[in-house]
Amino acid sequence: MIVDGIGASVKRVEDHRFLSGKGHYTDDMNRPGQTHAVFRRSDSPHARIKSIDIAAASKMAGVVAIFTGADLAAEGVGGVPCGWQIHNKDGSPMAEPMHPVLAIDKVRHVGDPIAMVVAETKQQAKDAAEAINIEFEELGGISDVRAAIAPGAPLVHDDVASNVCFDWHIGDKAATEAAFANAFKIIKLDLTNNRLVPNAMEPRAAISEYDISSGEYTLHTTSQNPHVIRLLMGAFVLHIPEHKLRVVAPDVGGGFGSKIFHYAEEAALTWAAAKVLRPIKWTADRSESFITDAHGRDHVSHAELAVAEDGKFLGLRVETLANMGAYLSTFAPSVPTYLSATLLAGVYTTPAIYAQVKAVFTHTVPVDAYRGAGRPEATFLLERIVDVAARDLGMDRVEIRRKNFIPADAFPYQTPIALQYDSGDYQTTLRECLRMADYDGFEARRKAAAAKGKLRGIGMSTYVEACGIAPSAVAGALGARAGLYEVANIRVHPTGSVTVFTGAHSHGQGHETTFAQLVADQLGIPFNQIEIVHGDTSKVPFGMGTYGSRSLSVGGSAMVKAMDKIILKGRKIAAHLMEASLDDVEFKDGKFTVTGTDKSKAFAEISLTAYVPHNYPIEELEPGLEETAFYDPKNFTYPGGCHICEVEIDPNTGTVAVINFTAVDDVGRVINPMIVEGQVQGGIAQGIGQALLEHAIYDESGQLLSGSMMDYTMPRADDLPNILVGTESTMCTHNPLGAKGVGEVGAIGSPPAVINAVVDALRDYDVRHLDMPATPAKIWGIINAHTLKMAAE
Amino acid sequence: MPQISLTVNGKPASAEVESRTLLVELLREKLHLTGTHVGCDTSQCGACVVEVDGKSVKSCTMLAVQAAGAHVTTIEGLASADGKLHPMQEMFREHHALQCGYCTPGMVMSAIDLVNSHPDGLSEEQIRHGLEGNICRCTGYHNIVKAIHAAWFVMHGKEMPIAAE
């Protein structure tokens with residue numbers, strides 16, 4: 001019996017190094033002879049570059065080299081590629097304008113890199129970057145999606161008419177129109193999903209090296225998926241074959257999506273390492289992160305829900321404008337489309353759905369996946385319009401949800417928009433969450449708060465999401481330009497200890513612990529006999545990395561598959577040693593046993609035999625015990641659940657205090673409950689941040705006004721409540737672990753629960769909807785306007 | 001360039017620094033103590049908190065020359081010589097108060113000052129308020145608050161009431 005196996009809250013093996021200052025983050029590393037790079041960036045949202053004068057800067061102390069877009073273009077360096085292609089309604093492909101590594105002719109957002117200075121020290125590089133003289137012709141920018149598609153708007157790319165990247169749709173339009181024709185009521189809602197800055201605490205950083213003897217490049221970079229960076233940068237930008245390009249993502253200080261993407265800095269640094277023939281290090285300042293890391297969300301939607309008199313949902317139609325920013329980031333086109341619109345059925349039986357998405361270029365930082373990626377946007381829209389429907393119909397918010405839930409016995413459930421949910425039980429997660437949150441006792445708490453002059457409100461969201469991306473063939477058919485399997489290589493050493501090489505990447509998720517528990521459990525060997533290796537293309541065979549809550553469901557399944565091969569080979573060796581037939585040898589609890597006898601061989605005896613094959617079936621079996629598996633998922637996975645939020649508003653100031661937050665999620669198989677709970681709490685903190693605090697604000701022309709942590713409100717300890725987490729799992733039916741995923745559920749389920757609670761607290765102030773973030777100014781304005789109106793009447 | 005001497009983690013250290021060099025740059029780049037992190041450039045995040053002459057300080061807000069002669073403790077200086085973790089480090093591990101680990105050194109250093117400066121007791125509200133200057137993007141603070149609460153009892157040699165868990 002393995003005590004540290006599946007289901008145990010094992011303390012994390014990575015913690016000792018992080019707690020004692022011994023982590024190896026990219027910026028902690030230094031290479032002999034290292035130089036430092038600083039980028040000179042555009043401070044204009046949209047301008048023509050008339051001239052770049054590097055003469056004075058080049059002569060400054062410590063400057064090694066200065067490179068501009070022209071230098072890269074002269075050597076045929078490619079543009080930064082996009083990894084997902086969406087097609088328009090008419091079948092034509094999306095507009096995919098060139099994204100130069102360093103700007104050529106024009107800059108298209110504040111932060112667009114124009115030149116890279118390489119110097120002996122970072123300060124010298126900074127000084128020289130400031131001394132580069134650039135002459136701009138200002139062209140005027142736009143940041144708002146509605147303004148960008150208006151006639152006469154300045155074009156982000158000269159070859160993209162009206163700034164529309166693509167105009168896409170999904171669903172049965174005719175069936176949806178018919179549903180609306182029969183509606184008792186049509187609920188209409190306009191909403192904006194606020195733009196966010198991911199702000200992982202570790203700013204992006206990279207160190208590039210080139211070995212002139214071997215012709216090999218090495219890039220250490222803050223990435224969630226080093227193999228994807230190697231693939232995109234090597235094949236499309238720099239034309240370096242895989243065997244000459246090593247990408248390492250060491251300890252990474254948080255990602256939340258923002259470190260999935262291949263960024264221009266990585267390519268510029270790698271290319272330049274072979275020019276200066278010295279290692280080059282670059283670390284972003286936080287202010288630089290704000291204007292270069294891909295942002296999240298920024299959708300403007302109009303939604304209409306057709307309902308019957310009894311509250312049944314008949315049809316849903318949605319039109320969304322999605323901000324792509326100035327260039328297409330790696331997975332940007334997939335976010336508002338296949339990761340969002342396909343989720344519009346939610347947990348409900350709505351029979352007809354039609355969604356249209358127009359993706360729009362603006363003079364802003366590129367927008368891409370941020371924790372939840374598309375699913376928080378869909379969930380916010382749906383869970384808001386369901387609350388508004390309840391209000392407009394005079395129905396209870398719990399009842400309208402229960403009435404429309406997909407029943408637990410209806411799985412597998414085919415939605416009208418592409419997805420087939422494999423399992424779930426939404427009544428149970430709702431019931432448990434109501435119980436844990438003491439929903440029935442709320443009215444008494446509301447009264448008690450009112451007695452203190454506070455407005456108390458409660459809100460919920462019931463949600464499902466699709467993650468564990470994805471069957472490669474399906475993703476390919478939807479426009480992905482990569483496979484989305486995961487890889488595991490399991491190396492059993494002669495004495496029976498194990499090294500696992502995984503293509504998943506840990507940047508806070510605790511994989512070194514969870515995956516070791518999984519392997520300990522399945523191979524029946526002690527937890528401390530297992531080491532997890534990730535994040536280095538020279539060690540791990542291949543991998544697609546960690547995002548979209550896929551590490552356990554896809555990466556863990558690859559490990560199970562590799563372990564199955566190890567066990568089969570072990571059984572063959574054991575059968576030989578014990579002179580039994582293969583069918584009679586079973587593997588259990590770390591032992592190979594001849595069925596029905598007391599004859600057995602320990603795991604370590606078999607591994608030793610594999611490496612010392614003196615008595616061995618050498619004719620049929622190779623020595624050694626190491627197996628690799630690629631696991632391609634059969635479907636997405638569908639975590640879901642219920643989140644309930646309770647807030648108190650101070651009507652004098654408009655401030656919102658989150659008093660209680662309760663979540664009951666169905667995440668499938670749980671390996672380490674402690675880590676799962678932490679993931680949910682962290683996701684909810686980001687969701688509360690989106691709902692109440694965070695907003696990347698641009699002025700009309702594309703200047704970022706909230707460009708530092710002094711201006712952009714990050715959630716702090718005193719902004720957040722204790723977060724009560726429960727799980728009620730149904731198993732995923734199509735992967736060997738039953739795992740669904742937990743990384744994103746918190747950020748997906750929580751924002752509408754918070755806003756539903758705020759709207760509930762303001763129920764005496766005639767508020768139908770309010771967009772995020774629900775800042776004190778916004779709420780005070782609502783209360784004040786209502787008070788003035790009442791006084792006037 | 002000025003030459004400065006100071007005591008870091010109980011050992012004498014000296015380095016030549018520019019007058020604009022920050023304390024965090026001295027620690028990370030000259031003394032190779034990379035456990036102290038930089039998470040922002042506006043003194044908001046607290047990833048760089050160290051102890052200077054007994055008080056927690058954001059080492060990005062202090063010039064290296066201002067630390068001349070000071071006693072500085074960084075995250076690397078907390079564990080005892082035999083590798084045993086400080087009770088605050090131990091409680092962070094016990095309560096899963098870290099995920100990516102990047103904010104952790106600063107969070108631990110701030111938390112130790114918070115506990116030391118509240119000998120008579122430390123409420124949840126005081127902990128949350130006391131962490132105003134430290135940003136964590138991963139945990140939602142729930143487990144950090146629990147860890148600091150538990151560490152208060154260990155560091156002040158008191159038994160934690162069961163209900164407090």
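Order of the sequence lines fixes the chain letters, A, B, ..., with proteins taken first and strands second; residue numbering starts at 1 for each chain.
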* Of the listed residues (B:Thr139, B:Leu131, B:Thr104, B:Ile144), which shares the most heavy-atom pairs with chain A below a 4.5 Å separation? -> B:Thr139
* Is chain B contacted by the side chain of A:Gln509, its backbone, both, or neither, given a heavy-atom distance below 4.5 Å? -> neither
* B:Thr42 vs A:Arg286, side-chain contact (heavy atoms from CB on, under 4.5 Å): CA-CA, chis, key distance, verdict -> CA-CA 8 Å; B:Thr42 51; A:Arg286 178 59 59 184; 5.9 Å; no
* Asked: Any Lys/Arg nitrogen of B:Arg128 or A:Asp719 sitting under 4.0 Å from an Asp/Glu carboxylate oxygen of the other?
  -> no
* **B:Glu159, CD atom: more than 12 neighbouring heavy atoms under 6.0 Å** => no
* Leading residue by heavy atom contact count with chain B [cutoff under 4.5 Å; candidates A:Arg716, A:Arg371, A:Gln681, A:Glu677] -> A:Arg716
* **CE on A:Met201 to OH on B:Tyr102, rounded to 0.5 Å** => 8.0 Å
* **Atom group of A:Asp27 that falls short of 4.5 Å from chain B, counting heavy atoms** => both
* To do: Could you please spell out the steps behind the side-chain contact (heavy atoms from CB on, under 4.5 Å) verdict for A:Met714 and B:Arg137?
  => CA-CA 8 Å; A:Met714 293 284 283; B:Arg137 193 54 150 169; 3.7 Å; yes
* Structure fact -> Assert top hit (heavy-atom pairs under 4.5 Å, partner chain B, pool A:His24, A:Met674, A:Glu288) equals A:Met674
* Asked: Hey, are the side chains of B:Cys45 and A:Met709 touching, using non-hydrogen atoms and a 4.5 Å cut-off?
  -> yes
* To do: Pick one of side chain, backbone, both or neither for B:His129, based on which atoms fall under 4.5 Å of a heavy atom in chain A.
  => both
* Asked: Which value, rounded to the nearest 0.5 Å, describes the distance between A:Arg12 atom CZ and B:Arg93 atom CZ?
  -> 9.5 Å
* Structure fact -> Cut-off 4.5 Å, heavy atoms of chain B, and the answer for A:Ile684 is neither
* Among B:Cys100, B:Gly35, B:Gly140, which residue forms the greatest number of heavy-atom pairs with chain A at distances under 4.5 Å? -> B:Cys100
* So which bits of residues 742-751 of chain A come within less than 4.5 Å of chain B, counting non-hydrogen atoms only? -> none
* Structure fact -> Between the CG atom in A:Asp28 and the NE2 atom in B:His32, the distance rounded to the nearest 0.5 Å is 12.0 Å
* To do: Please look at A:Val680 and chain B and tell me whether the side chain, the backbone, both or neither of the residue comes under 4.5 angstrom of a heavy atom of that chain.
  => neither
* For chain A, which residues from residues 8-27 of chain B have at least one heavy atom closer than 4.5 Å to it? -> B:Glu18, B:Arg20, B:Glu25
* Structure fact -> OH of A:Tyr712 to SG of B:Cys40, rounded to nearest 0.5 Å, is 14.5 Å
* Structure fact -> dist A:Asn30:CG -> B:Glu29:CD (nearest 0.5 Å) comes out at 7.5 Å
* Structure fact -> d(B:Arg28 CZ, A:Thr283 OG1) to nearest 0.5 Å is 8.0 Å
* Structure fact -> Most contact-rich option vs chain B, by heavy-atom pairs under 4.5 angstrom, among A:Val252, A:Ile675, A:Ile688, is A:Ile675
* Looking at B:Thr74, B:Thr36, B:Asn143, B:Leu98, which makes the most heavy-atom pairs under 4.5 Å with chain A? -> B:Leu98
* **Results of ring pair (Phe, Tyr, Trp, His ring centres under 6.0 Å) for B:His142 - residues two or more places apart only** => none
* Atom group of A:Ser287 that falls short of 4.5 Å from chain B, counting heavy atoms -> both
* To do: Name, in order of residue number, those residues of residues 14-22 of chain A that have a heavy atom at a distance of less than 4.5 Å from a heavy atom in chain B; otherwise write 'none'.
  => A:Asp15, A:His16, A:Phe18, A:Leu19, A:Ser20, A:Gly21
* Structure fact -> So, the part of A:Phe290 with a heavy atom under 4.5 Å from chain B: the answer is neither
* Is it the backbone or the side chain of B:Val145 that comes under 4.5 Å from a heavy atom of chain A, or both, or neither? -> neither
* Structure fact -> Whatever's closer than 4.5 Å to a heavy atom in chain A on B:Leu78 counts as neither
